[in-house]
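Whatever order the structure lists ligands and atoms in, that order sets their numbers, starting from 1.
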Amino acid sequence: MTPNFKLDLTQRPRRLRRTPSRRALVTETVLRTADLIAPLFVVDGKGAPEPIGSMPGICRFNLKDLVKECRQLHKLGIPAVAIFPKLDAKLKDAVGSRALDPDTLVLRAVRAIKKAVPELAVITDVALDPYTSHGHDGVLTEALDDVENDRTVGILCEMAVLQAAAGVDFVAPSDMMDGRVGAIRKALDAAGYTNTGILAYSVKFASAYYGPFRDAVGSAQAAGTHLLSKATYQMNPANRREALLEAALDDEQGADILMVKPAGAYLDIIRDVRNASNKPLAAYQVSGEYSQIHAAAKMGWLDLAKIRAESLLAIKRAGADMILTYFAKDMAQILGK
Ligand code: PBG
């Protein structure tokens with residue numbers, strides 16, 4: 001031991017960490033309520049909110065309660081919601097017909113929200129998984145060995161136009177079919193919806209982190225039991241260069257906002273896309289990311305409030321301008337407007 005040991009240092013980074021005020025002055029990344037988008041689940045009927053077992057604190061709302069929730073979120077300063085419908089199994093079929101029903105649940109939800117809280121931006125998924133009996137994001141070939149790309153894109157275009165007509169601010173293709181962003185942009189413009197934006201799930205990985213969401217919307221069958229894997233359209237978690245290719249394609253095809261999903265395990269991809277494009281960038285902190293934090297907190301192993309904030313800050317620091325997160329309401333209550 002040398003008690004009088006002294007370093008001759010000009011650089012002492014710890015100087016800036018000495019007090020809360022000094023730390024506040026040199027904070028590089030700030031998470032704001034205005035960065036957050038709340039995903040919400042909706043069901044038909046008049047029942048009480050249905051808790052989702054694997055997502056503590058998250059419910060499927062009936063239309064009326066959904067509108068109420070949207071009002072609250074708007075008051076809290078959340079700028080946008082993303083609406084996901086859960087259909088009764090008997091309304092699903094092999095081609096996802098209900099996706100093109102002009103009175104389908106999600107469209108009624110959008111109209112109700114836009115009527116009650118017009119200032120709140122509304123986003124809807126463009127993909128067939130809530131509507132197909134097999135749970136895939138598109139229609140299958142006759143041999144059931146693939147999701148048929150081009151035919152699926154044709155359906156997605158019609159879906160997007162219906163959603164635009166219902167008043168959404170952004171349609172969000174989450175299907176990962178090739179060429180869908182360009183086709184949807186053309187279809188929206190041709191129908192006169194030049195002001196409806198596209199938030200593209202540009203880099204969506206075939207991830208096990210979607211598990212709880214599939215419970216929430218009842219699309220779990222495609223995840224494992226079916227012969228056809230979602231890996232035939234969602235990306236390989238091993239690939240960084242391919243992520244840049246996907247992002248560039250959506251950028252060129254007219255996406256207004258690019259998205260990376262999941263977020264927490266893909267911070268390098270968020271940074272890569274941030275550096276490669278000047279478009280705004282969203283990241284989706286998906287259901288499994290939410291659930292694992294809750295599970296660890298329930299075990300008493302992690303501090304819920306701290307991990308929640310840290311996980312979101314990391315996503316923002318990686319380069320995301322906005323974050324879809326099931327923690328949106330909790331965070332808004334803490335952060336304020
Ligand atoms: C469907 C869709 C999924 C999610 C958003 N849109 C699941 C999937 O691709 O199976 C996942 C969201 C989450 O896990 O929170 N196209």
Side-chain angles (χ1 to χ4, degrees), residues 36-42 52-60 80-87 92 96 98-99 106 123-139 147 149 152-153 155-156 159-160 163 168 170-177 180-181 184 198-226 228-237 246 257 259-266 282-295 311-312 315 323-329:
L36 305 176
I37 298 170
L40 297 173
F41 299 107
V42 59
I52 298 153
S54 50
M55 301 180 73
I58 303 296
C59 293
R60 303 183 198 98
V81 294
I83 308 297
F84 297 96
K86 163 138 202 258
L87 266 71
K92 302 185 185 193
R98 287 287 160 149
V106 78
I123 301 163
T124 42
D125 250 38
V126 183
L128 289 178
D129 54 302
Y131 304 97
T132 51
S133 40
H134 43 71
H136 279 292
D137 292 43
V139 291
V147 172
N149 192 89
T152 297
V153 172
I155 298 172
L156 299 180
M159 234 179 133
Q163 294 174 355
V168 298
F170 294 95
V171 296
S174 67
D175 55 292
M176 290 298 280
M177 295 301 120
R180 89 278 204 220
V181 169
I184 288 172
I198 299 177
L199 192 174
Y201 285 75
S202 305
V203 186
K204 177 172 176 180
F205 290 96
S207 169
Y209 282 101
Y210 308 147
F213 174 96
R214 290 175 186 164
D215 293 340
V217 303
S219 67
Q221 32 328 0
T225 52
H226 204 275
L228 177 58
S229 162
K230 287 207 175 195
T232 60
Y233 41 101
Q234 299 176 349
M235 271 192 51
N236 180 347
E246 280 286 4
I257 302 172
M259 179 150 71
V260 173
K261 171 187 173 191
Y266 297 89
Y284 198 146
Q285 184 183 51
V286 300
S287 55
E289 299 178 69
Y290 175 85
S291 301
Q292 70 181 1
I293 289 174
H294 267 287
S311 66
L312 291 165
I315 295 165
I323 307 171
L324 283 89
T325 172
Y326 301 95
F327 291 124
K329 190 179 188 183

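For the atom pair OH of Tyr284 and OH of Tyr266, the computed distance is 15.5 Å after rounding to the nearest 0.5 Å. Between Leu128 atom CG and Thr152 atom OG1 the span is 6.5 Å, to the nearest 0.5 Å.
Partners of Lys86 under the side chain to side chain contact (heavy atoms under 4.5 Å, CB included) rule, at least two apart in sequence or in another chain, are Val43, Arg60. Applying the side chain to side chain contact (heavy atoms under 4.5 Å, CB included) criterion to Pro130, with sequence neighbours excluded, gives Pro85.
The nearest protein atom to atom 14 (O) of ligand 1, hydrogens excluded, is given as Ser287 OG, 2.7 Å; this is a heavy-atom distance. Protein heavy atom in closest approach to atom 9 (O) of ligand 1: Lys204 NZ, 2.7 Å. Considering only non-hydrogen protein atoms, atom 1 (C) of ligand 1 sits nearest to Asp129 OD2, 2.9 Å. The single protein non-hydrogen atom nearest to atom 11 (C) of ligand 1 is Lys261 NZ, 3.0 Å, given as residue, atom name and distance. In terms of protein heavy-atom proximity, atom 10 (O) of ligand 1 is nearest to Arg214 NE, 2.6 Å. Atom 6 (N) of ligand 1 has Asp125 OD2, 2.9 Å as its closest protein atom, hydrogens excluded (heavy atom only). Nearest protein neighbour of atom 12 (C) of ligand 1, counting heavy atoms only, is Phe213 CD1, 3.3 Å.
Listed by number with element, the atoms of ligand 1 under 4.0 angstrom from any heavy atom of Ala127 are 16 (N). Within ligand 1, the atoms closer than 4.0 Å to a non-hydrogen atom of Tyr284 are 12 (C), 15 (O), numbered from 1 in the order shown. Atoms of ligand 1 found under 4.0 Å from any heavy atom of Tyr326 (numbered from 1 in listed order, with element): 12 (C), 13 (C), 15 (O). Heavy-atom proximity to Gln234, at under 4.0 Å, picks out these atoms of ligand 1: 8 (C), 9 (O).
A heavy-atom distance below 4.5 Å is not found between the side chains of Phe213 and Ile58. Under the 4.5 Å side-chain criterion, counting only non-hydrogen atoms from C-beta, Phe41 is in contact with Val217. Tyr209 has its side chain out of reach of Ser291: every pair of non-hydrogen atoms, C-beta onward, lies at least 4.5 Å apart. At a threshold of 4.5 Å between non-hydrogen side-chain atoms, the residues Val126 and Arg180 do not count as touching.
Not a single heavy atom of Tyr290 lies less than 4.0 angstrom from ligand 1. The shell of residues lying under 4.0 angstrom from ligand 1, judged by heavy atoms, excludes Glu289. Every heavy atom of Gln285 sits 4.0 Å or more from the atoms of ligand 1.
Counting heavy atoms under 4.0 Å from ligand 1, residue Asp137 touches it through the side chain alone.
Side-chain atoms of Ser311 and Gln285 form a donor-acceptor pair, as typed in the model, at a separation below 3.5 Å.
Considering Ser174, Pro262, Pro130 only, the shortest heavy-atom separation from atom 16 (N) of ligand 1 involves Ser174.
For Lys204 (side chain) and Ser174 (main-chain N/O), a donor-acceptor pair under 3.5 Å exists by modelled atom type.
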